Colleague: 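Let me begin by handing over the structure; questions about it come next.
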Protein chains: 2
Amino acid sequence: MAHMPVAERRARLLAAAFEVISRAGVSGATTRAIVDEAGMKLASFHYAFESREDLLVQLVDVVVHQQEVVLDLPDAEPAQGSPAAAVARGEHSALTALRQLLERGLARYFDEVRANPLRERAMFELTQYALRTTSMAGVAERQYERYRNLAVASLQEAAMRTGCTWRRPLDELAADLVALTDGITLAWLADGDDARAARTIAFAARALAAEAAPPAEAAPPAEAAPRAEAAPPGEAAPPGEAAPPTPTPPTTTEAP
Amino acid sequence: MAHMPVAERRARLLAAAFEVISRAGVSGATTRAIVDEAGMKLASFHYAFESREDLLVQLVDVVVHQQEVVLDLPDAEPAQGSPAAAVARGEHSALTALRQLLERGLARYFDEVRANPLRERAMFELTQYALRTTSMAGVAERQYERYRNLAVASLQEAAMRTGCTWRRPLDELAADLVALTDGITLAWLADGDDARAARTIAFAARALAAEAAPPAEAAPPAEAAPRAEAAPPGEAAPPGEAAPPTPTPPTTTEAP
DNA sequence: GCCCAACTGGGACGGATGACCCAGTCGACG
DNA sequence: CGTCGACTGGGTCATCCGTCCCAGTTGGGC
């Protein structure tokens with residue numbers, strides 16, 4: 001193996017380690033397997049890292065910060081195809097637009113999961129490893145905090161694009177969204193049922209959209225919407241409260 | 001170690017293995033650690049099981065069938081305290097009662113998780129181990145099928161108790177419920193935030209209850225259920241949406 | 001009570017693993 | 001163009017792993 005600065009060697013080893021973990025799990029990611037994957041010699045490992053656990057700690061850090069999205073909203077479409085445009089034309093309510101946008105975003109996130117299931121599995125496994133390793137205390141917590149932060153940004157943008165406002169604090173909704181994506185991902189990893197995942201995604205989009213309020217009348221799609229912040233839905237705010245999605249559907253009661 | 005029939009030895013080793021896995025993970029559950037936990041000698045292990053993997057396979061089977069609930073509904077209260085009774089008195093809509101019942105059930109499930117987090121972690125880890133082990137193909141799939149079956153039973157009972165009906169096939173809702181509990185559990189294992197979990201549980205209960213329909217009228221007491229009944233058409237009706245949570249909106253599910 | 005099969009105990013083995021060491025080699029800088 | 005320090009390669013070590021073996025021991029059916 002040619003010479004190379006330590007930094008790059010470290011980066012290559014981290015990438016190789018993630019690759020091995022994807023394939024064989026954390027327990028299969030031995031020092032030898034990692035250097036083999038990276039095409040290096042064993043001694044290079046302990047030149048770049050103090051120990052195997054040292055690498056694992058840094059790997060979790062890197063990998064968590066590589067996670068880009070929890071909800072992958074499509075690019076804003078300023079043209080007539082956008083949900084906002086449809087709302088403007090009165091074809092949908094803003095809440096419907098929000099729900100559709102969320103569903104699109106979840107579906108796009110899920111497409112990434114489906115395209116690379118090994119990666120997701122490795123992420124879960126690293127989280128559990130972090131939970132069990134005392135020297136990594138707090139890593140899993142920060143990991144989920146980051147997920148929530150990503151979710152906050154996406155939810156905020158989705159609301160802005162459709163002119164809706166969230167009726168609960170954003171970080172609470174972010175936790176709900178993260179729980180949903182985690183659950184959907186986990187179930188799909190176990191059973192591989194695409195159709196079921198799609199249905200759960202639709203459910204998740206409905207559930208989240210139900211936590212939003214439509215634009216307050218004539219207000220242009222800007223800020224300054226009356227947040228129901230003071231009173232988070234304590235007892236009397238099931239979906240039937242403000243006006244959200246409770247209009248009685250066409251009574252097509254489906255038999256179990 | 002005294003004599004004992006093989007069956008009991010196997011059972012004790014399985015219990016010890018789960019204990020060790022809870023504490024040290026699957027990779028920490030070495031044959032020596034397991035027999036040590038069980039207070040046996042190493043040779044007894046291979047007398048009772050063909051190999052370590054043999055034990056692991058059987059352990060997943062046992063443990064999955066020990067899982068009793070995904071949603072732990074409180075015992076039915078025939079007296080005046082029950083949600084159904086409140087509905088009968090017209091204090092709540094049946095949907096509110098359903099939501100409360102679901103939230104109670106989720107909270108009770110979560111109490112068990114909180115009381116024994118190591119158990120849950122071990123379950124997740126076993127699932128992932130099964131996913132990666134070719135000789136355990138299908139095990140994870142059956143595991144989630146069982147979870148869904150448990151969820152179906154609970155959802156059915158919750159609807160029956162409150163007189164509501166589910167507007168989507170039960171097994172779809174079961175998948176949604178399982179995803180939610182998984183997500184809630186996973187997040188709590190990572191951050192240990194009880195309050196956040198409680199809020200997400202409330203959200204989950206709302207989301208699920210939104211998939212139900214109240215009893216088809218015939219309710220003797222005054223109406224309290226849906227507010228937007230047969231909406232007078234032609235009017236502004238800002239929140240009026242075509243059919244918000246209609247079962248399987250066919251045009252909104254496609255992927256990019 | 002006897003006897004045989006079911007069971008136990010202790011040890012052993014080949015292989016893998018994390019960690020390490022030191023003699024060499026390469027390349028950037030002067 | 002030489003040199004010195006950063007980097008590499010191969011070998012080594014103690015430990016732990018799953019598995020196996022075989023000599024003993026136990027207990028229940030006759």
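It should be emphasised that the depicted structure is a prediction, and the values quoted were computed from it without experimental measurement. Chain A is the first sequence line, chain B the second, and so forth, proteins listed ahead of strands; every chain is numbered from 1.
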Colleague: Can you check whether A/H46 has a side-chain N or O nearer than 4.0 Å to OP1 or OP2 of C/dA19?
Modeller: yes

Colleague: Starting at CD1 of B/I34 and ending at P of D/dC16, how long is that distance when rounded to a whole Å?
Modeller: 17 Å

Colleague: Just how far, in rounded Å, is P of C/dG18 from CG of A/L55?
Modeller: 11 Å

Colleague: Indicate whether OP1 or OP2 belonging to C/dT17 is found under 4.0 Å from a side-chain N or O atom of A/T31.
Modeller: no

Colleague: How long is the line joining CE of B/M40 and C1' of C/dG10, in whole Å?
Modeller: 17 Å

Colleague: Which of the following nucleotides, C/dA19, D/dG18, C/dG10, is nearest to the side chain of B/A43?
Modeller: C/dG10

Colleague: Both B/P5 and A/R32 contact DNA chain C. Which one's nearest nucleotide lies toward the 5' end?
Modeller: B/P5

Colleague: Considering only D/dG10, C/dA6, C/dG9, which nucleotide approaches the side chain of B/Y47 most closely?
Modeller: C/dA6

Colleague: To the nearest angstrom, how far is A/L42 atom CG from D/dG11 atom P?
Modeller: 12 Å

Colleague: Can a donor-acceptor pair be found, under 3.5 Å and without considering hydrogens, that links the side chain of B/R146 to the backbone of B/Q67?
Modeller: yes

Colleague: Between A/E53 (CD) and C/dG18 (P), how many Å, whole number?
Modeller: 12 Å

Colleague: Without decimals, in angstroms, what is the distance between B/L13 CG and D/dT19 P?
Modeller: 14 Å

Colleague: Nearest whole angstrom, please: distance from the P of C/dA19 to the CZ of A/R52.
Modeller: 8 Å

Colleague: Using whole Å, what does the distance between atom P of nucleotide C/dG11 and atom NZ of B/K41 come to?
Modeller: 9 Å

Colleague: Keeping to residues at least two apart or across chains, list the salt bridge (charged side-chain N to carboxylate O under 4.0 Å, His left out) pairs with something in residues 52-67 of chain A.
Modeller: A/D61-A/R142

Colleague: Report the residue from A/T181, A/D182, A/L155 that forms a side chain to side chain contact (heavy atoms under 4.5 Å, CB included) with A/V70.
Modeller: A/T181

Colleague: Is it true that B/R119 and B/E112 have a side-chain N and a carboxylate O under 4.0 angstrom from each other?
Modeller: no

